[in-house]
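Read the structure below first, then the notes.
Quick note: residue numbers are just sequence positions, from 1.
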Amino acid sequence: MMTIGRYLRTKRFFKEMTLQQVVDTVRKDYNFSTSTSVLSAIETDKNKIVDGELLFVLASLYGFDLNELSELILKNLKESNSRK
């Protein structure tokens with residue numbers, strides 16, 4: 001199952017950016033503050049809740065449509081509910 005964290009990590013990988021580069025870019029280009037530890041926790045699925053504003057910023061930075069992410073989240077919810 002593709003998690004939100006794995007999805008975001010993959011998008012960052014294809015942009016060829018380090019976590020520090022993401023932090024620096026979102027601060028400079030979007031006036032948004034985050035940290036490498038927050039991003040790492042999200043990408044490794046240790047942090048299951050992701051700030052909505054951060055998702056918008058990452059979608060813009062990585063170049064993906066939030067509908068893609070929405071479909072992934074809803075699919076994961078349906079799969080986890082069907083296992084119960």
Side-chain angles (χ1 to χ4, degrees):
M1 168 171 42
M2 174 71 80
T3 64
I4 295 171
R6 186 176 297 153
Y7 177 87
L8 292 173
R9 184 173 57 238
T10 300
K11 293 297 185 183
R12 180 175 60 81
F13 173 80
F14 283 112
K15 281 292 191 180
E16 298 180 348
M17 297 180 79
T18 65
L19 290 173
Q20 187 60 55
Q21 287 171 321
V22 172
V23 168
D24 295 342
T25 301
V26 300
R27 183 175 293 123
K28 182 175 87 59
D29 294 353
Y30 299 91
N31 196 31
F32 187 85
S33 181
T34 190
S35 67
T36 57
S37 59
V38 166
L39 294 174
S40 178
I42 292 167
E43 289 187 2
T44 57
D45 297 315
K46 291 181 179 135
N47 187 354
K48 302 282 186 192
I49 298 175
V50 183
D51 179 84
E53 288 179 337
L54 178 57
L55 281 178
F56 280 100
V57 168
L58 294 177
S60 177
L61 178 63
Y62 297 160
F64 67 86
D65 187 334
L66 282 173
N67 287 324
E68 247 182 87
L69 195 56
S70 173
E71 290 172 16
L72 172 69
I73 292 167
L74 294 174
K75 179 183 173 199
N76 287 347
L77 285 172
K78 286 178 184 177
E79 286 178 7
S80 67
N81 285 336
S82 68
R83 290 186 200 139
K84 290 180 180 178

Is there a side-chain contact (heavy atoms from CB on, under 4.5 Å) between N31 and V26? Walk through the geometry before answering. CA-CA 6 Å; N31 196 31; V26 300; over 6 Å; no
Check the pair M17 / L61 against side-chain contact (heavy atoms from CB on, under 4.5 Å), numbers first and verdict last. CA-CA 10 Å; M17 297 180 79; L61 178 63; 4.2 Å; yes
I would like to know whether L8 and L55 meet side-chain contact (heavy atoms from CB on, under 4.5 Å); could you show each step before the answer? CA-CA 9 Å; L8 292 173; L55 281 178; 4.3 Å; yes
Can Y7 and F64 be said to form a ring pair (Phe, Tyr, Trp, His ring centres under 6.0 Å), step by step? CA-CA 11 Å; Y7 177 87; F64 67 86; 5.2 Å; yes
Please lay out, stage by stage, how D51 and F32 fare under the test side-chain contact (heavy atoms from CB on, under 4.5 Å). CA-CA 12 Å; D51 179 84; F32 187 85; 3.8 Å; yes
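Around the CD atom of Q21, the shell of radius 6.0 Å holds more than 12 heavy atoms that belong to other residues, nucleotides or ligands. No more than 12 heavy-atom neighbours from other residues, nucleotides or ligands sit within 6.0 angstrom of CD1 on I49.
One hydrophobic cluster, built from ILVMFWY side chains closer than 4.5 Å, holds both M2 and I42. Residues L69 and F13 are members of separate hydrophobic clusters, defined by side-chain heavy-atom contacts under 4.5 angstrom among Ile, Leu, Val, Met, Phe, Trp and Tyr. One hydrophobic cluster, built from ILVMFWY side chains closer than 4.5 Å, holds both V38 and F56.
One distance of note links CG of D29 with CG of D24; it measures 10.5 Å at 0.5 Å rounding. The line from OG of S35 to CD of Q20 is 9.5 Å long, rounded to the nearest 0.5 Å. Rounding to the nearest 0.5 Å gives a distance of 8.0 Å between OG1 of T3 and CE of M1. Note that the CG atom of L66 and the OG atom of S60 stand 9.5 Å from one another [nearest 0.5 Å]. The distance from atom CG of N76 to atom CD1 of I4, rounded to the nearest 0.5 Å, is 7.5 Å. A distance of 10.0 Å separates CG in L19 from CZ in R9, rounded to the nearest 0.5 Å.
For the pair D65 (side chain) and E68 (backbone), a donor-acceptor distance under 3.5 Å is absent.
The minimum heavy-atom distance between S80 and L77, with the atom names listed, is OG-O, 3.1 Å.
Side-chain contact between V57 and T34: absent, with no pair of heavy atoms (C-beta onward) separated by less than 4.5 Å. Counting only heavy atoms from C-beta outward, the side chains of L58 and K11 never approach each other to under 4.5 Å.
R12 is linked by a side-chain hydrogen bond (donor to acceptor under 3.5 Å, both in side chains) to E43, counting only residues two or more places apart in sequence or in another chain.
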